[in-house]
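The next block holds one structure in the form of structure tokens; read it before the comments.
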Amino acid sequence: MQILSDIYYGNICPCEKDLVQGSEYQKTQQQPADLTEKLNEQLNEEQQIILDDIISCCSKLIILTGEENFTDGFKTRARVILQVYGK
């Protein structure tokens, strides 16, 4: 059960992923920051606070969705393995 030990001791972190410079993912990841900066230049302080709150809520939803999808995927894979081995 080496993989379980590796997960337990933090040697494997499924949520971490190397960012490949110049990849479509990296370019897309940079866009919201660039657009937010451009928009912030046009907003007053109160509007900037509201925008920051919206971004924080969206970030939290993304994290919660990722966690839920990971958990659901793990459970589904576990059920498949159990069925394959006839338990």
Side-chain angles (χ1 to χ4, degrees):
M1 296 276 181
Q2 181 63 36
I3 193 159
L4 295 179
S5 294
D6 285 342
I7 291 171
Y8 178 80
Y9 288 108
N11 298 330
I12 296 175
C13 186
C15 62
E16 289 181 0
K17 181 179 175 181
D18 290 334
L19 184 62
V20 177
Q21 294 298 318
S23 67
E24 184 176 355
Y25 183 87
Q26 187 268 329
K27 292 174 188 174
T28 303
Q29 182 188 37
Q30 185 60 40
Q31 284 180 327
D34 294 342
L35 293 170
T36 300
E37 185 177 324
K38 185 184 283 188
L39 182 58
N40 268 327
E41 294 170 358
Q42 301 173 28
L43 301 177
N44 64 39
E45 188 175 335
E46 183 180 344
Q47 292 168 327
Q48 288 177 355
I49 291 170
I50 292 170
L51 177 61
D52 288 343
D53 289 345
I54 291 169
I55 292 169
S56 292
C57 288
C58 289
S59 295
K60 186 172 182 176
L61 283 172
I62 290 168
I63 291 167
L64 292 172
T65 300
E67 180 183 1
E68 187 173 310
N69 289 342
F70 175 81
T71 302
D72 290 345
F74 189 89
K75 289 177 183 178
T76 300
R77 288 175 187 93
R79 286 195 305 268
V80 168
I81 290 168
L82 288 173
Q83 187 172 10
V84 167
Y85 287 106
K87 296 187 181 187

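Heads up: numbering here begins at 1 and tracks the sequence.
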Roughly how far, to the nearest 0.5 Å, is OG1 of Thr36 from CG of Asp52?
-> 8.5 Å
CG of Leu64 to OG of Ser59: how many Å apart, nearest 0.5 Å?
-> 11.0 Å
Enter the distance from Asn44:CG to Ile50:CD1 here, rounded to the nearest 0.5 Å.
-> 8.0 Å
Flag yes if Ile55 and Leu43 sit in one hydrophobic cluster, no otherwise; membership is Ile, Leu, Val, Met, Phe, Trp, Tyr, and two members link when side-chain heavy atoms are under 4.5 Å apart.
-> yes
In Å, rounded to the nearest 0.5 Å, how long is the span from CG of Leu51 to CD of Gln42?
-> 11.0 Å
Greater than 12 external heavy atoms within 6.0 Å of Glu67's CD | no
Output for pair (Lys38 NZ, Leu35 CG), nearest 0.5 Å, gives 6.5 Å
Does CD in Glu46 sit with more than 12 non-hydrogen atoms of other residues, nucleotides or ligands closer than 6.0 Å?
-> no
Taking atom CZ of Arg77 and atom CG of Asp72, what is their separation to the nearest 0.5 Å?
-> 10.5 Å
Report the C-alpha separation of Arg79 and Thr76 in whole Å, then their side-chain angles, then the decisive distance to 0.1 Å, and conclude whether the side chain to side chain contact (heavy atoms under 4.5 Å, CB included) test is met.
-> CA-CA 5 Å; Arg79 286 195 305 268; Thr76 300; 3.5 Å; yes
Which pairs with one or both residues in residues 23-35 pass side chain to side chain donor-acceptor pair (under 3.5 Å), sequence neighbours excluded?
-> Gln30-Asp34
